[in-house]
Structures are given as structure tokens and as C-alpha cells.
Amino acid sequence: ARVFNGAEKTRERLTDVNDILALWRASAHEETLEELEETLLGVDFGPKASARVTDGVRARVERGECETGEDVRRALKASIVDVLRSAGDSTTIGLNEREGEPSVIMVVGVNGGGKTTTLGKLSHRFAESGAKVMMVPGDTFRAAAAEQLATWAERTGAVMSDSPPNTKPGAVCFKAVDEACARGDIDIVLADTSGRLHNNTQLMDELVGVRKSISKRMEGAPHEVLLVLDGTTGLNMLNQARVFGEAVGVTGIILTKLDGTARGGAVVSVVDELGIPVKFIGVGEAMEDLQSFEAESFVDALFP
Ligand code: GDP
């Protein structure tokens with residue numbers, strides 16, 4: 001039995017949260033909550049996160065907080081925000097606490113996701129806050145990667161590490177951290193990494209190696225491992241995050257390409273299942289187009 005007047009509605013019609021909420025009747029809420037859960041599945045939340053978010057709404061309904069559809073909309077948003085916040089702090093970046101030493105940030109992600117652009121945006125952001133940035137061309141596989149990174153370094157006032165050609169990525173990163181420490185004027189080391197090799201196992205092995213090389217040169221580093229995910233790729237991003245997370249211990253997510261799309265719902269699943277907070281979102285191709293992640297605004301954009 002459906003909650004609305006017995007009229008038969010198609011499933012397509014129910015793919016819109018607005019429609020569902022318009023039909024809300026607190027006295028017959030369970031069917032509507034089920035429709036809501038289906039809708040969340042339809043916008044890439046994935047089964048676990050859809051259930052968790054819906055449970056959050058159900059709890060609010062059962063506490064008597066949802067008389068009207070608007071109340072449910074608020075409950076839905078609050079429930080998603082709860083999940084997005086459950087993985088920890090989105091607002092801070094892990095930094096090196098030791099005086100006089102740079103912080104090392106490793107940036108990972110598959111090619112095409114926006115990794116290079118994001119490195120440029122991060123560099124700009126750190127520069128704006130007064131930090132001196134060194135960029136490290138740790139993607140030695142893709143021919144143009146170092147060149148592109150150098151362009152971003154120039155644009156954002158960062159220095160490029162002095163990496164010898166034909167060196168393995170681990171060695172490139174080891175030497176870069178060494179160089180940054182020796183220079184003494186570098187606050188942030190931003191290490192690029194490969195986003196594609198012949199296969200996934202090779203890629204992960206390489207990234208594990210890079211991570212180890214960094215730690216070997218500096219205990220406690222990298223201080224952040226940021227995973228760049230293309231916000232338009234739906235639930236694919238969950239698998240990506242899982243693989244990268246298991247290999248190199250991702251500490252934060254940067255969700256790109258959120259301009260002009262209300263997608264990105266799948267990231268709720270990533271946060272829920274892997275417990276990794278989203279730290280930034282990319283909203284364009286320019287260096288200014290990186291924003292701190294704010295759960296409320298993100299959810300408002302998902303369900304306008
Ligand atoms: P990489 O292969 O992961 O290094 O990806 P790139 O940084 O080269 O980005 C791939 C494409 O996505 C480029 O055309 C970028 O300009 C574009 N891009 C990256 N981030 C964003 C974003 O936040 N919004 C939009 N609209 N495009 C982006």
C-alpha cells in the first residue's frame with residue numbers, strides 16, 4: 001500500500017525527493033521512508049549509507065520531529081550531515097608538529113580525476129595562507145605530468161623539487177623531502193603520484209613504496225594522504241577509495257568537478273564505509289576553485 005491516495009505512481013516519479021516529501025503523512029511514514037531509501041540508492045548513496053541515512057530520518061520521525069514534508073527534508077539533511085561528520089574533522093589538515101620541519105602531503109588518485117589541477121589548487125591555497133610550497137613530480141609514469149606540475153608551481157609561486165630524471169617515484173619523493181629539509185624555507189611538500197600504471201597491483205605497490213620512502217626520510221610523514229575523487233563518477237568512487245585506502249591509508253578526500261553537477265552523493269558512502277572525511281571540494285578548473293568541505297552546503301546542493 002502506498003501512502004498517497006491509493007493512486008498508482010510510477011517508480012520514476014518517485015525518484016525525486018521533492019515528490020516524496022510532498023506526499024508525506026506522518027501517520028503513515030514507513031512506506032515513505034522506504035521510498036526515500038530507494039531514492040537515495042538512485043542518487044548513488046549505496047545500500048549501507050542509504051539505510052543509515054534513512055534510519056537517521058526514521059529516528060527523528062519517531063521522536064515526533066517530522067510533522068510536515070519540510071520537517072522530513074530537514075531531518076534527511078541532518079541525517080546525511082551526521083554521516084558526513086562521523087569520519088572526523090573536515091576542517092583541518094594534518095601538519096608536522098616538529099619545529100622547523102616541513103609538512104608532507106601525498107596526493108593520490110586515478111588519472112583524469114583532477115589530481116594535477118587539485119595539486120595546483122592546494123598549492124595556491126597554501127601560498128595564500130603564507131606558506132612556502134614545494135611540489136614533487138612523483139608521477140614518473142605519465143610523460144607530461146612533471147611539466148604540468150611545473151606550470152602549476154610557476155602559477156602559484158611554488159618551487160619544484162630538483163628531481164633527477166629517470167628516477168623511481170620513491171626516490172624522487174625521498175630526495176624531495178631531503179631537499180625541503182635542507183633548504184629550511186619550505187613549509188609544505190606536495191607530492192604528486194602516479195594515477196595509472198600497467199595494472200592496479202603495480203600502481204598500489206608503487207604508492208606503498210612512495211609512502212615508505214617518505215616515512216624513511218621523515219618519521220611521521222606523510223602527514224596527510226589526500227585522495228582525489230571525481231565527483232561525477234558515482235559509486236565507482238567507493239571502490240577506488242577502498243583500494244587506495246587499503247594500500248596507502250588515505251586520510252582525506254578531495255571531491256572534484258562538483259561545479260555544474262548535483263552529483264557526488266556517492267561520497268556519503270565513502271565516508272560511511274571507510275571512515276575517511278572529505279576535506280575539500282573542487283568546483284572548477286582555476287586555482288581558486290577549491291573550497292573547504294562543508295557538510296551542510298554539500299547536502300543543500302544535493303537536495304536543493
Ligand atoms: P589528472 O589526470 O587526475 O591529473 O587530472 P587533471 O588535473 O589533468 O584534470 C582532468 C580534467 O578535469 C582537466 O580538464 C581539468 O581542467 C578538469 N578538472 C579538474 N578539476 C576540476 C573541477 O573541480 N571542475 C571542473 N569542471 N573540471 C575540473
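Whatever order the structure lists ligands and atoms in, that order sets their numbers, starting from 1. Below, each value reflects all heavy atoms present in this structure, side chains not excepted, and no hydrogens, waters or symmetry copies.
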*Asks:* Is there a side chain to side chain contact (heavy atoms under 4.5 Å, CB included) between Thr251 and Ile276 once you walk through the steps?
*Replies:* CA-CA 6 Å; Thr251 56; Ile276 307 167; 5.9 Å; no
*Asks:* What about Gly284: any of its N or O atoms under 3.5 Å from an N or O on ligand 1?
*Replies:* yes
*Asks:* Would Asp289 count as a polar contact of ligand 1, with the cut-off being nitrogen or oxygen pairs under 3.5 Å?
*Replies:* no
*Asks:* For Asn111, state whether at least one heavy atom is located under 4.0 Å from any atom of ligand 1.
*Replies:* yes
*Asks:* Under 4.0 Å from a heavy atom of Gly282: give me the atoms of ligand 1 that qualify, with their elements.
*Replies:* 23 (O)
*Asks:* Would you say ligand 1 has an N or O under 3.5 Å from any N or O of Thr118?
*Replies:* no
*Asks:* Can you tell me if Gly109 contacts ligand 1 (heavy atom of the residue under 4.0 Å from the ligand)?
*Replies:* no
*Asks:* For ligand 1, which atoms have a heavy atom of Thr116 less than 4.0 angstrom away?
*Replies:* 1 (P), 4 (O), 7 (O)
*Asks:* Please check whether Lys115 reaches ligand 1 - meaning an N/O of the residue sits under 3.5 Å from an N/O of the ligand, judged on distance alone.
*Replies:* yes
*Asks:* Is there a side-chain contact between Ile281 and Ile254 in this structure, where contact means two heavy atoms from C-beta onward sitting under 4.5 Å apart?
*Replies:* no
*Asks:* Pairing donors with acceptors under 3.5 angstrom, does anything connect the side chains of Glu179 and Ser161?
*Replies:* no
*Asks:* Are the side chains of Asn111 and Arg142 in touch, meaning some heavy atoms are under 4.5 Å apart?
*Replies:* yes
*Asks:* Does ligand 1 have any atom sitting under 4.0 Å from a heavy atom of Lys121?
*Replies:* yes
*Asks:* Looking only at protein heavy atoms, which one is nearest to atom 26 (N) of ligand 1, and what is the separation?
*Replies:* Asp259 OD2, 2.7 Å
*Asks:* What atoms of ligand 1 come within less than 4.0 Å of a heavy atom belonging to Val110?
*Replies:* 3 (O)
*Asks:* Hey, does Thr256 come in under 3.5 Å of ligand 1, counting only N/O atoms on both sides?
*Replies:* no
*Asks:* So is there a nitrogen or oxygen of Glu285 less than 3.5 Å from a nitrogen or oxygen in ligand 1?
*Replies:* yes
*Asks:* How far is atom 11 (C) of ligand 1 from the closest protein heavy atom, and which atom is that?
*Replies:* Lys257 NZ, 4.3 Å
*Asks:* Could you tell me whether Glu154 atom CD has more than 12 heavy atoms of other residues or ligands within 6.0 Å of it?
*Replies:* no
*Asks:* Would you indicate whether Glu97, at its atom CD, is surrounded by more than 12 heavy atoms from other residues, nucleotides or ligands within a distance under 6.0 Å?
*Replies:* no
*Asks:* Under 3.5 Å, is there a donor-acceptor pair between the Ser194 and Glu206 side chains?
*Replies:* yes
*Asks:* Please list, in number order, the atoms of ligand 1 under 4.0 Å from a heavy atom of Val283.
*Replies:* 23 (O)
*Asks:* For the pair Ser103 (side chain) and Leu95 (backbone), establish whether a donor and an acceptor sit closer than 3.5 Å, ignoring hydrogens and angles.
*Replies:* no
*Asks:* Could you check whether the rings of His198 and Phe141 sit parallel, tilted or perpendicular, using 30° and 60° as the cut-offs?
*Replies:* perpendicular
*Asks:* Got the closest protein heavy atom to atom 7 (O) of ligand 1, with its distance?
*Replies:* Thr117 OG1, 2.5 Å
*Asks:* Distance alone, cut at 3.5 Å: any donor-acceptor contact between the side chains of Ser292 and Arg125?
*Replies:* yes
*Asks:* Yes or no: does Asp230 have any heavy atom under 4.0 Å from an atom of ligand 1?
*Replies:* no
*Asks:* To the nearest 0.5 Å, tell me how far Trp152 CH2 sits from Glu147 CD.
*Replies:* 15.0 Å
*Asks:* Would you say Gly112 touches ligand 1, if touching means a heavy atom closer than 4.0 Å?
*Replies:* yes
